[in-house]
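Just so you know, these numbers use all the heavy atoms, side chains as well, and skip hydrogens, waters and symmetry mates.
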Amino acid sequence: MATLKYEQIAETLRARIAEGEFAPGCLMPSGRDLAEQWNVSRATAIKAMDVLRTDGLVVARAGAGFAVTETPVARPAGNRRSGARIDGGAPFRRLGRPDWRVPPARITNALGLAEGEVALRRMRLLLLPDGSPLTLVTAWFSSDVAEGAPRLTDEGPIAEGTTHYVTRQTGRGPKRGRDITTVRLLSPEEAELLNVNPPAGAAVVLHTAYDAEGRTLVAEEGVTPGRLWETEEDYPMGSEF
């Protein structure tokens with residue numbers, strides 16, 4: 001499938017942000033400038049900026065256009081359906097430095113690792129508007145993915161987003177996802193990071209992304225305290241119930 005023009009513009013701007021050409025707080029090119037540079041309509045240029053805005057890379061500034069966000073945002077684990085974007089995401093704080101360790105059995109199985117094999121672990125804490133913890137997200141990468149995308153071992157966030165970075169570096173992008181939601185008690189470490197007094201229950205979403213050949217790209221687990229977990233769906237019904 002051919003890449004649409006606004007997607008090409010968005011990807012180019014994403015790469016320029018990742019390379020540090022546009023620093024946090026820096027104003028992005030105006031819609032008029034982008035339209036002239038790319039020989040497109042202003043509406044197409046603005047649509048490209050909207051892609052970056054919904055990905056949390058830029059924010060709108062009244063009367064000034066768009067600026068690179070100074071507060072990183074991230075998605076919760078799961079719900080990465082094709083074509084679906086989650087407006088804004090949530091502010092987050094990166095926890096520690098990525099490290100190599102043997103993952104839990106459920107992650108080992110999701111990644112297709114041998115028993116005792118290590119994987120790269122990256123942790124972040126999604127935050128509520130008041131700065132309190134919302135969800136603990138732990139992403140695990142097998143060695144073949146991590147070695148092909150070396151910035152995964154960096155301590156700070158990846159400006160262009162992990163998915164885009166891994167795809168750009170390895171040529172392997174997500175084509176299929178699987179989400180499994182379960183309920184369990186928080187571990188002592190999880191309870192401490194989420195500022196919850198144990199014992200306490202949590203909803204756990206295990207998101208696994210696969211490339212076009214069915215190889216696992218990432219296994220990501222999001223843990224949310226039960227008191228903060230809620231899902232809602234509206235759907236049509238027939239005449240019987």
Side-chain angles (χ1 to χ4, degrees), residues 1 11 14 18 55 74-86 89-90 92 94-126 134-191 193-194 201-224 229 231:
M1 181 182 298
E11 286 303 306
R14 191 191 306 276
D55 279 346
R75 305 280 190 270
N79 195 24
R80 308 293 180 87
R81 292 173 177 81
S82 177
R85 291 185 179 274
I86 302 173
F92 76 96
R94 181 69 59 191
L95 298 176
R97 187 176 186 86
D99 58 359
W100 293 89
R101 62 175 56 203
V102 176
R106 60 188 177 278
I107 303 297
T108 293
N109 291 336
L111 291 175
L113 303 179
E115 184 177 354
E117 187 176 352
V118 298
L120 180 67
R121 182 183 71 161
R122 289 173 59 91
M123 300 175 68
R124 65 180 184 269
L125 192 63
L126 273 62
L134 170 62
T135 302
L136 175 64
V137 180
T138 306
W140 297 85
F141 299 88
S142 58
S143 59
D144 60 326
V145 175
E147 290 168 2
R151 281 177 52 205
L152 289 175
T153 61
D154 291 351
E155 187 170 352
I158 297 173
E160 65 188 290
T162 302
T163 300
H164 287 88
Y165 171 64
V166 169
T167 302
R168 181 166 60 84
Q169 286 292 117
T170 67
R172 297 168 55 189
K175 296 299 181 182
R176 183 172 63 89
R178 174 184 295 155
D179 295 345
I180 301 174
T181 303
T182 55
V183 177
R184 62 168 170 80
L185 291 176
L186 291 169
S187 71
E189 178 188 16
E190 291 168 341
L193 291 170
L194 290 165
V204 181
V205 178
L206 174 59
H207 165 72
T208 309
Y210 305 89
D211 66 14
E213 297 180 7
R215 297 172 296 174
T216 304
L217 289 169
V218 63
E220 187 175 70
E221 190 173 68
V223 180
T224 306
W229 174 264
T231 61

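Residues L95 and L136 are in side-chain contact: their nearest non-hydrogen atoms beyond the backbone lie under 4.5 Å apart. Within the 4.5 Å cutoff, the side chain of R215 has no heavy atoms near those of the V145 side chain. Inter-residue side-chain proximity for L113 and S143 is flagged as unmet; no heavy-atom pair is nearer than 4.5 Å. Here the side chains of L193 and M123 are in contact, with some heavy-atom distance below 4.5 Å. Between E190 and V204, the closest side-chain pair of non-hydrogen atoms is not below 4.5 Å. Using a 4.5 Å cut-off on side-chain heavy atoms (C-beta onward), V137 and E220 make contact. No side-chain heavy atom of V183 sits under 4.5 Å from any side-chain heavy atom of W229. Side-chain atoms of T182 and L206, non-hydrogen and from C-beta on, never get closer than 4.5 Å to each other.
Here the closest non-hydrogen pair linking P98 and E155 is CD-CA, 3.8 Å. Considering all non-hydrogen atoms of both residues, V218 and A139 come closest at CG2-CB, 4.1 Å. Minimum heavy-atom separation, A119 to L111: CB-CD1, 3.9 Å. Nearest heavy-atom pair, L134 versus T224, reported as atom, atom and distance to 0.1 Å: O-CG2, 3.5 Å. Between Y165 and P150, the shortest heavy-atom distance links the atoms OH-N, 3.3 Å. When all heavy atoms of V118 and W100 are compared, the closest pair comes out as CG2-CE3, 4.0 Å.
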Under the side-chain contact (heavy atoms from CB on, under 4.5 Å) rule, what do D99 and R97 come out as? Steps first, then yes or no, please. CA-CA 6 Å; D99 58 359; R97 187 176 186 86; over 6 Å; no
Start with the C-alpha distance between E221 and R106, add both sets of side-chain angles, then the distance that settles side-chain contact (heavy atoms from CB on, under 4.5 Å), and finish with yes or no. CA-CA 10 Å; E221 190 173 68; R106 60 188 177 278; 2.5 Å; yes
One pair to check against side-chain contact (heavy atoms from CB on, under 4.5 Å): T216 and S142. What are the steps and the verdict? CA-CA 8 Å; T216 304; S142 58; over 6 Å; no
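To the nearest 0.5 Å, atoms OG1 (T208) and OH (Y210) are separated by 4.5 Å. Rounding to the nearest 0.5 Å places CZ of R172 at 7.5 Å from CD of E213. Rounded to the nearest 0.5 Å, atoms OG1 (T162) and CZ (R124) are 6.5 Å apart. The CD atom of E147 sits 12.5 Å away from atom OG1 of T170, with the distance rounded to the nearest 0.5 Å.
For R178, the CZ atom sits in a loose shell: 12 or fewer heavy atoms of surrounding residues, nucleotides or ligands are nearer than 6.0 Å.
Not one N or O on the side chain of R121 forms a donor-acceptor pair closer than 3.5 Å with the backbone of R101.
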